[in-house]
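Computation of the quantities below employed the complete heavy-atom set of this structure, encompassing side-chain atoms and omitting hydrogens, waters and symmetry-equivalent molecules. Just follow the structure's listing: the first ligand is 1, and inside any ligand the first atom is 1.
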Amino acid sequence: MARITLQQVAHSYQRHPKDPSDYALKNIDTVWEDGGAYALLGPSGCGKTTMLNIISGLLTPTRGRVLYDDRDVTELPPEQRNIAQVFQFPVLYDTMSVFDNLAFPLRNRGLDPQTIHRRVQEVAEVLDLTADLKKKAAGLSADAKQKISLGRGLVREDVAAILFDEPLTVIDPHLKWHLRRKLKEIHEKLQLTLIYVTHDQVEALTFADKVLVMYEGEMVQMGTPAELFEEPRHKFVGYFIGSPGMNFIPCRLEGNRAVCDGASVVLDEETVRRAQGKEGPFELGIRPMYLEVHDEPGDDRIPVQVRKVEDQGIFRILTVQMASSTLKVRISEERPLPGQEAWIRFPRRWIKLYANGRLVA
Ligand code: ADP
Ligand code: MG
């Protein structure tokens, strides 16, 4: 196992990159601690696979360094990095048996038959593949093939880290949940460094201790699921995490107030102080669950029109119109539904201020 550090890593697939938009990865500085369970989360095309391939050595970055512990491995090929990587689509030998597929990475490294047998059995057990060990891989379902692919990633005990690139994409939803649990169990037992790439927030938040959120080739925040939820450092994190995501309302600052069209909200002193000298545009951010809904006007209450009500089991999501802003509000199913005219309140402690997309903090 190893601690993996990326130092000012940037990557462009173009031969002569000129401006920032020519880079698939822009100046990434991050440390993956030894034994951590990480998720790399972001929309399609944001650079997740590029980052993973730089960590494994399939790609050499245009700029920057990759360290395993204190060793510079930037120029080393994957074979010399001791990494296991599981790809989005199964990579296996169709003509070989399931056993031989799982044994392949171990035979490759010259392990003795007894050790190989033991490890293959263990991994097959974890992935419920024991009954299939003698079958040829070719005849198996897409799910089973991807499980074999996962197994090939998990079979070696001597790796620096295991990298998963959206490994459950082709797996049906129920089995997906089961396999994610299995991966988490394996992590807890073996304390391997795991980096799990996904574009699915639920997958990231349930699997990882820490999540790295990426957006357009940049690392926008690394944090625990709770930190990403409570303290999104970038607008994109607020919007991407949570369902529905955070509300953002354009505003301008006047003294200790944020003035939006239709509303004026008092900010705490600390926020006001930190906003001084910052360049806008400014926006207020608040999670749908933290907005209060009232049936009558009152102090700090802002009139809204209720446009839509969606049932989500124990919650309801209201879509409300506040002057020209459309907001989402989450209420418990026990609360009587407000009428078409309602009032909302922004509790001060839950208001975040964003300047040019970044948290003022
Ligand atoms: P993700 O895995 O998050 O979907 P990728 O790392 O695959 O994103 O891609 C990041 C960006 O780099 C995208 O704009 C993609 O089109 C581009 N890209 C990826 N691979 C290549 C390649 N081999 N050649 C040129 N551009 C690429
Ligand atoms: Mg990808």
Contact flag Q88/the Mg ion (ligand 2), N/O/S atoms, threshold under 2.8 Å
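It does not: Q88 brings no N, O or S atom closer than 2.8 Å to the Mg ion (ligand 2).
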Neighbour count >12 (heavy atoms, 6.0 Å) for atom CG, D19:
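Yes, enclosed.
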With no hydrogens and no angle check, do the side chains of Q321 and T326 hold a donor and an acceptor under 3.5 Å apart?
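Yes, a side-chain donor-acceptor pair sits under 3.5 Å.
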Give a yes or no on whether atom 4 (O) of ligand 1 lies under 4.0 Å from any heavy atom of the protein.
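So far as the 4.0 Å threshold goes, atom 4 (O) of ligand 1 is in reach of a protein heavy atom.
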Counting only non-hydrogen atoms of the protein, does one fall under 4.0 Å from atom 15 (C) of ligand 1?
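For atom 15 (C) of ligand 1 the answer is no, since every protein heavy atom stays at 4.0 Å or beyond.
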For ligand 1, which atoms, with element, lie under 4.0 Å from some heavy atom of T50?
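That gives atoms 5 (P), 6 (O), 9 (O), 10 (C) of ligand 1.
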Given R3, which partner from the list D34, T193, D70, D69 fulfils the side-chain hydrogen bond (donor to acceptor under 3.5 Å, both in side chains) test?
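Single pass found, and it is D70.
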Could you tell me whether the side chain of R301 and the main chain of E296 form a donor-acceptor pair under 3.5 Å?
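Checked: pair present.
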On a heavy-atom basis, which atom in M222 and which in L212 lie closest, and how many Å separate them?
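Looking at all heavy atoms of both residues, the shortest contact is CB-CD1, 3.8 Å.
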If you compare all heavy atoms of A208 against all heavy atoms of A39, which two are closest, and at what distance to 0.1 Å?
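The pair with the smallest heavy-atom distance is CB-N, 3.4 Å.
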For [atom], what's the nearest protein heavy-atom neighbour? Residue, atom name and distance, please.
atom                    : result
atom 27 (C) of ligand 1 : Y13 CD1, 3.3 Å
atom 8 (O) of ligand 1  : G47 N, 3.2 Å
atom 7 (O) of ligand 1  : T49 CB, 3.7 Å

G42 to ligand 1, any heavy atom closer than 4.0 Å
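Not so, G42 does not reach ligand 1.
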Which one of S21, S44, G45 has a non-hydrogen atom at the shortest distance from atom 13 (C) of ligand 1?
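Heavy atom nearest to atom 13 (C) of ligand 1 belongs to G45.
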Under the 6.0 Å and 45° cation-pi test, does R330 pair with F315?
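Judged by the rule, R330 and F315 form a cation-pi pair.
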